[in-house]
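Report on the structure given below.
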Number of protein chains: 2
Amino acid sequence: MDTIDRKIATCLMGDARLSLAEISARVGLSTSAVNDRIQKLRQRGAIRGIRADLDPAAFGRPVLAFLFVALARGISEEAFRADIAGRPEVTACHHVTGGWNYLIQLRLEGLEALEAFLSMLKAGGWIERSETMLSLSAVVEPPVILRGL
Amino acid sequence: MDTIDRKIATCLMGDARLSLAEISARVGLSTSAVNDRIQKLRQRGAIRGIRADLDPAAFGRPVLAFLFVALARGISEEAFRADIAGRPEVTACHHVTGGWNYLIQLRLEGLEALEAFLSMLKAGGWIERSETMLSLSAVVEPPVILRGL
DNA sequence: TATGAAACTATACAGTA
DNA sequence: TACTGTATAGTTTCATA
């Protein structure tokens, strides 16, 4: 993992469809050397994959919500995680420090879907309390993947 | 934007290096029809790009922090956004509803870098108050891009 | 939307430092 | 061990129907 690997990774984050010839020109190595390095980065797991970055609105998911939840007492975190991980509207979920247990990111069709999600959490007895924040606009946005298309 | 487009997008989110032949087989269309659809999805902006998904730890950024900030009075939001957007540790930043103004996601080398970021925000007079949450583990994680490698 | 030819790209390999 | 250049295999692209 040296400067050249970082340059290659930077190229591929910007556009993973760049040809080896173009990347070679940018980093100053032959195409085969660049190819070797990319393969090694993938083998080591430094590059996890090459994925499409979608526009959520184009796929009918214009609403981005952040949800903080405090789990109900006696809930199995294992079961909660499995449930959450299986829901297609969940695009991120992190176990976090502080007054809340989990931070969940949702990509939704509309506010009705948000209400439905919150109802599901309450009805399932998973949570003690929650707080919801809606994204009004993005200043910096990472690649978007959507589940359940 | 029909079922086939959604299937194609799903394939490309999973692995954008799948050949047209493989995608064709999965969606039941010829390779050129699939190619046409992919190009149109890109032209329309439904597919924003094809990017590498990185392991942040492999690139020396093991710490994931979420930061909520309330801006100081009289601050130009325009200037704040420009400043934030230019900082490489910021991997997401959203203008949000509720008691906080912005939710910022940071990928950091360590806790020292978190402290430095908070100090910068305070010293710059940007914020009135803030709250930080650290991610302990990810249940669901979207693709990761890193800036400033 | 499908077919097939042409252009391009990635990959494997042999050789070199 | 890391790199280069070349030959091959594979993929995308494009013209045509």
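Side-chain atoms are counted along with the backbone in the values below, which use heavy atoms only and exclude waters and symmetry mates. In what follows, every chain begins at residue 1, and chains take the letters A, B, ... in the order their sequences are listed. Predicted model, so just to flag it, every value in this text is computed and none were measured.
A search for ring-ring contact (aromatic ring centres under 6.0 Å, His included) contacts involving A:Phe59 returns nothing, not counting sequence neighbours. Take B:Glu89 and apply the salt bridge (Lys or Arg N to Asp or Glu O under 4.0 Å) test, not counting sequence neighbours, and it matches no residue. Residues meeting the side chain to side chain contact (heavy atoms under 4.5 Å, CB included) test with A:Arg129, sequence neighbours left out: A:Ala70, A:Trp100. Annotation: salt bridge (Lys or Arg N to Asp or Glu O under 4.0 Å) contacts of A:Arg81 (sequence neighbours excluded): none. Taking A:Glu22 as the reference, A:Arg26 meet the salt bridge (Lys or Arg N to Asp or Glu O under 4.0 Å) condition, with sequence neighbours excluded. Evaluation of the side chain to side chain contact (heavy atoms under 4.5 Å, CB included) rule for A:Thr91 yields A:Gln105, A:Arg107 as partners, not counting sequence neighbours. For the salt bridge (Lys or Arg N to Asp or Glu O under 4.0 Å) test, no residue two or more places apart in sequence or in another chain qualifies with A:Arg6.
Taking the side chain of A:Arg37 as heavy atoms from C-beta on, and the options D:dT4, D:dC3, C:dT3, the nearest nucleotide is D:dC3.
Ion pairing between a basic and an acidic side chain is recognised when a charged N comes within 4.0 Å of a carboxylate O; A:Arg37 and A:Asp2 show such pairing.
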Under 3.5 Å, which protein N or O atoms sit close to an N or O of nucleotides 15-17 of chain D? Give each pair with its distance.
none

Can you name the atoms? Protein N/O to nucleotides 14-17 of chain C N/O, anything below 3.5 Å, with the distance.
none

Enumerate the protein-to-nucleotides 8-10 of chain C contacts in which both atoms are nitrogen or oxygen and the separation is below 3.5 Å.
from, atom 1, to, atom 2, distance (Å)
C:dA10, OP2, A:Leu20, N, 2.6

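Comparing the helix axis at one end of the helix from C:dT1-D:dA17 to C:dA17-D:dT1 with that at the other, each defined from 5 consecutive pairs, gives an inter-axis angle of 30° (nearest 10°).
Listed by residue number, A:Lys40 are the residues of residues 38-54 of chain A with a heavy-atom contact under 4.0 Å to DNA chain D.
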